[in-house]
Amino acid sequence: GHNILMADPYAIRDRIEKLDVGAVSVQRLWPDRIDIHVDQREAVALWQEHANGGAWRVVDQSGRAFAEADMTRHGDLPHVVGENAAQAAVGLVSAMKGFPGLAERFEVAYRVGDRRWDVKFSGRADVVVLPADENLVSALECVNLQHAQTGLLDLPATRIDARNGCTLAIQPIPGA
């Protein structure tokens, strides 16, 4: 019921962005309409940052944490831990999708040095040490292949280091 000349697209956009939605664009369409486009935020991971008291938060495809989210609805999302892990989670989650066998065993990933991941998969191995993000996919290919051939993730190991190409270093559990 208001005059379209009085509508401020920037003010409208600012009001909508306060609703914790994705990117918003607002345009006046002459003679009598305002067009509003909102990009939906997609929950991709649960993030725990030690700085915020250890609380888990849901993060979207851009690494932004939702202001409020129902944790019971998102319990099946991948878990990532550490400072700046929220922003890097998208790369890890999308890389993991290429390896369904690993993705279904994925439990939690710890961000190390803001450049790589230590990942816990279900199985006997405690942690798989992955290389810097730019080599992540090739390391996952090697881990996936070795697991398919030898049951790598089910070996009694405290650490599997996949940072050196397809040469994996395995630290066995003492006495195993």
Side-chain angles (χ1 to χ4, degrees), residues 20-22 40-176:
D20 200 24
V21 297
Q40 186 69 24
R41 292 177 70 191
E42 176 187 343
V44 296
L46 290 177
W47 168 52
Q48 182 183 42
E49 180 184 26
H50 300 296
N52 71 7
W56 289 93
R57 300 182 64 194
V58 179
V59 295
D60 69 6
Q61 68 272 21
S62 66
R64 270 181 48 211
F66 285 89
E68 293 181 24
D70 182 2
M71 297 304 285
T72 59
R73 289 185 46 219
H74 300 290
D76 60 335
L77 289 173
H79 292 63
V80 296
V81 177
E83 189 174 336
N84 298 323
Q87 293 81 9
V90 175
L92 176 65
V93 170
S94 65
M96 203 67 79
K97 285 181 183 176
F99 306 98
L102 295 179
E104 69 184 22
R105 295 178 72 120
F106 179 87
E107 289 184 0
V108 63
Y110 303 91
R111 191 71 172 154
V112 179
D114 203 21
R115 61 180 201 84
R116 65 172 199 83
W117 296 99
D118 284 352
V119 179
K120 171 68 176 128
F121 292 97
S122 62
R124 293 185 70 192
D126 285 342
V127 68
V128 176
V129 178
L130 296 172
D133 292 340
E134 58 270 8
N135 300 319
L136 178 64
V137 173
S138 61
L140 289 173
E141 285 174 359
C142 294
V143 169
N144 187 55
L145 177 63
Q146 288 297 317
H147 179 66
Q149 292 176 345
T150 66
L152 176 70
L153 299 176
D154 296 320
L155 295 175
T158 58
R159 182 178 171 104
I160 299 169
D161 194 329
R163 291 180 290 180
N164 191 19
C166 275
T167 303
L168 303 178
I170 302 170
Q171 181 179 14
I173 293 174

- Message: So does Ala55 get a backbone contact from the side chain of Trp47, meaning a donor-acceptor N/O pair under 3.5 Å?
- Response: no
- Message: Quick check against the 3.5 Å criterion: does Gln61 have a side-chain atom that pairs as donor or acceptor with the backbone of Gln40?
- Response: yes
Nearest heavy atoms of [X] and [Y], plus distance in Å:
X      : Y      : answer
Val59  : Ala65  : CG1-CA, 3.9 Å
Trp117 : Ala109 : CE3-CB, 3.5 Å
Ile170 : Pro172 : O-CD, 3.4 Å
Gly101 : Glu104 : O-CG, 3.4 Å

Would you please name every residue forming a side-chain contact (heavy atoms from CB on, under 4.5 Å) with [X], sequence neighbours left out?
X      : value
Val81  : Gln48, His50, Trp56, Val108, Tyr110
Thr150 : Gln146, Leu152
Gln87  : Asn84
Asp60  : Arg41, Ser62, Arg64, Phe66

- Query: More than 12 non-hydrogen atoms from neighbouring residues, nucleotides or ligands closer than 6.0 Å to CD on Glu107, yes or no?
  - Reply: yes
- Leu140 CG to Asn135 CG distance, which is reported to the nearest 0.5 Å: 11.0 Å
- Task: Nearest 0.5 Å please: distance from the CG atom of Leu136 over to the CZ atom of Arg163.
- Result: 13.5 Å
- Task: Scan for salt bridge (Lys or Arg N to Asp or Glu O under 4.0 Å) pairs involving residues 129-149, sequence neighbours excluded, and state none if there are none.
- Result: Arg111-Asp133
Residue pairs passing the disulfide bond (SG atoms under 2.5 Å apart) test where at least one lies in [range], sequence neighbours excluded:
range            : result
residues 56-126  : none
residues 78-117  : none
residues 114-172 : Cys142-Cys166

- Does Arg115 have any salt bridge (Lys or Arg N to Asp or Glu O under 4.0 Å) partners at least two apart in sequence or in another chain, and if so, which? none
- For Asp154, check salt bridge (Lys or Arg N to Asp or Glu O under 4.0 Å) against everything at least two apart and list the hits. Arg105
Check whether any side-chain heavy atom of [X] lies under 4.5 Å from a side-chain heavy atom of [Y], and answer yes or no.
X     : Y      : answer
Leu46 : Val80  : no
Leu92 : Phe106 : yes
Met96 : Leu102 : yes

- Item | Worked check of side chain to side chain contact (heavy atoms under 4.5 Å, CB included) between Val58 and Leu77 | CA-CA 9 Å; Val58 179; Leu77 289 173; 4.2 Å; yes
- Partners of His147 by ring-ring contact (aromatic ring centres under 6.0 Å, His included), sequence neighbours excluded? none
Counting only pairs under 3.5 Å, give me each side-chain donor-acceptor contact of residues 118-131, with atom names and distances, residues two or more places apart or in other chains.
residue : atom : partner : partner atom : Å
Asp118  : OD1  : Arg116  : NH1          : 2.6
Asp118  : OD1  : Arg116  : NH2          : 3.4
Lys120  : NZ   : Ala125  : O            : 2.9

